[in-house]
Number of protein chains: 2
Amino acid sequence: MATASQDLAELLQRHGIRVTTNRLLVLQELAREPDDATAQEIWGRLREGRATTGLATVYRTLGLLYDAGLVDTLSHHAGGEQCYRLCSETHHHHLVCDRCHRVVEVDRCDLEGWVNKAAKRHGFIATDHRVEITGVCADCRRSH
Amino acid sequence: MATASQDLAELLQRHGIRVTTNRLLVLQELAREPDDATAQEIWGRLREGRATTGLATVYRTLGLLYDAGLVDTLSHHAGGEQCYRLCSETHHHHLVCDRCHRVVEVDRCDLEGWVNKAAKRHGFIATDHRVEITGVCADCRRSH
DNA sequence: CTTCCTGCAAAGCATTTGCATCCAT
DNA sequence: ATGGATGCAAATGCTTTGCAGGAAG
């Protein structure tokens, strides 16, 4: 049986990214929790452990993972810190809770038709699209 | 007949924003061209004219206009400079050209049904949504 | 007159980069 | 071996803030 760490290593290799201790640590941190995290948060958590990883390395790694399409970035607080989040490698959208900032992926996307029509109406040819739905999640609704 | 400048002044007043020379200048600059602009670009253009407006004032003004819902912000280059753009005050979405970065508003949005269904599927109650379609505009397609 | 606005310079903060060293392949 | 990865510190660049003087109601 493959360990989680081996899975992550393979994930990197599959994307032509050299496997290093730091990269696995960052990836593990991203995989650990469903919520998103800033570069500085991830760095903080690594330092709490025995890791000596530098902040610059965390940024470099996140950039790499982003280019490979393994993480999404969301900017909750416009202009502030960027949030990173491990994501599925297929087309999907985001559902963000206004209160707790939890992010959930919406997988089934059947908007291609609508998107193409809207684009065409303005002379565009659509190549991609991105939807972000904001609202209140079940937990937050219940707890108030 | 009302001048453009008077229209802009009324726009500010209607939103409870004090009318000042600088604010009108920034608003005029935003209104002048359909493409979006960064704070620094706007500042540069004002300085090319006779204005002595400070960069800080441009930022303060844009923040004000944003809070009032008069401008949208887009961040093309994640983490880089923020782009501002005068927008209609009603619900709409964006169509962004990958090549020239032109932004067009998509007004008719009939996605509420889809959005609510997607949110409900994950236990959310949707309060808002935001769609960004990327593609290639007619001009860019023609010129290549 | 009083409150808010503005310009300037300085501060703040997230992110990037230079470089010597170290590690993966 | 050798090219890429890393830690650290310094640099960068966007944005915000403090403050004294100026404009709007």
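Letters A, B, ... are given to chains in the order of the sequence lines, protein chains preceding strands, and every chain is numbered from 1.
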Fill in: Ring center gap for A/His129 and B/His94 short of 6.0 angstrom
no
Worksheet entry | Value in whole Å for how far the P atom of C/dC5 lies from CD1 of B/Ile17 | 10 Å
Output a table of nitrogen or oxygen pairs between the protein and nucleotides 22-25 of chain D separated by less than 3.5 Å.
from: D/dA24; atom 1: N3; to: B/Arg18; atom 2: NH2; distance (Å): 3.3

Worksheet item: OP1, OP2 of D/dT16 versus side-chain N and O of B/Tyr59: anything below 4.0 Å?
Response: no
Worksheet item: So what does B/Thr38 touch, heavy atoms closer than 4.0 Å: a base, only the sugar-phosphate, or nothing?
Response: nothing
Discussion item. At less than 3.5 Å, do the side-chain atoms of A/Arg60 and the base atoms of D/dG4 form a donor-acceptor pair?
Written reply: no
Worksheet entry | D/dG7 phosphate, OP1 or OP2, under 4.0 Å from A/Asn22 side-chain N/O | yes
Worksheet entry | the helix from C/dC1-D/dG25 to C/dT25-D/dA1: angle between end helix axes, five pairs per end, rounded to 10 degrees | 40°
Fill in: A/Gln82 vs C/dA14: side-chain N/O to OP1/OP2 distance below 4.0 Å
no
Worksheet entry | Donor-acceptor pair between A/Gln40 and A/Tyr59 side chains, under 3.5 angstrom | yes
Discussion item. Between P on C/dA11 and CG on B/Leu55, what's the gap in Å once rounded to a whole number?
Written reply: 17 Å
Worksheet entry | Interatomic distance, B/Leu64 CG vs D/dT17 P [rounded to whole Å] | 14 Å
Item to complete: Return the value, rounded to whole Å, for the distance between atom OH of A/Tyr84 and atom C1' of C/dA14.
Response: 10 Å
Worksheet entry | Exercise: do B/Glu105 and B/Ser88 side chains pair donor with acceptor under 3.5 Å | yes
Worksheet item: With no hydrogens and no angle check, do the side chains of B/Asn22 and B/Thr61 hold a donor and an acceptor under 3.5 Å apart?
Response: no
Worksheet item: Out of curiosity, does A/Val103 fall in the hydrophobic cluster containing A/Val131 (side-chain heavy atoms, cut-off under 4.5 Å, transitive links)?
Response: no
Fill in: Length of the OH-C1' vector between B/Tyr66 and D/dT15, whole Å
15 Å
Item to complete: Scan side-chain atoms only and decide if B/Asp107 and B/His91 contain a donor-acceptor pair under the 3.5 Å cut-off.
Response: no
Worksheet, complete the sentence: A/Thr53 and A/Arg47 have their tightest heavy-atom pair at O-NH1, 2.6 Å
Discussion item. As a test of reading the structure: which of C/dA9, D/dA9, D/dT15 is closest to the side chain of A/Ala56, going by heavy atoms?
Written reply: D/dA9
Discussion item. Checking side-chain polar atoms at under 3.5 Å, does A/Thr127 have a donor or acceptor matched by the opposite partner on B/Asp98?
Written reply: yes
Item to complete: Whole angstrom is fine here: how far is it from CZ in B/Arg50 over to P in C/dG7?
Response: 16 Å
Practice prompt. Starting at atom CD of B/Gln40, determine the distance to atom C1' of D/dT16, rounded to an integer number of angstrom.
Written response: 13 Å
Fill in: Atom-to-atom span, CD of B/Glu81 to P of D/dT12 - whole angstrom
17 Å
Practice prompt. Say whether B/Asp36 and B/His101, considering side chains only, have a donor N or O and an acceptor N or O under 3.5 Å apart.
Written response: no
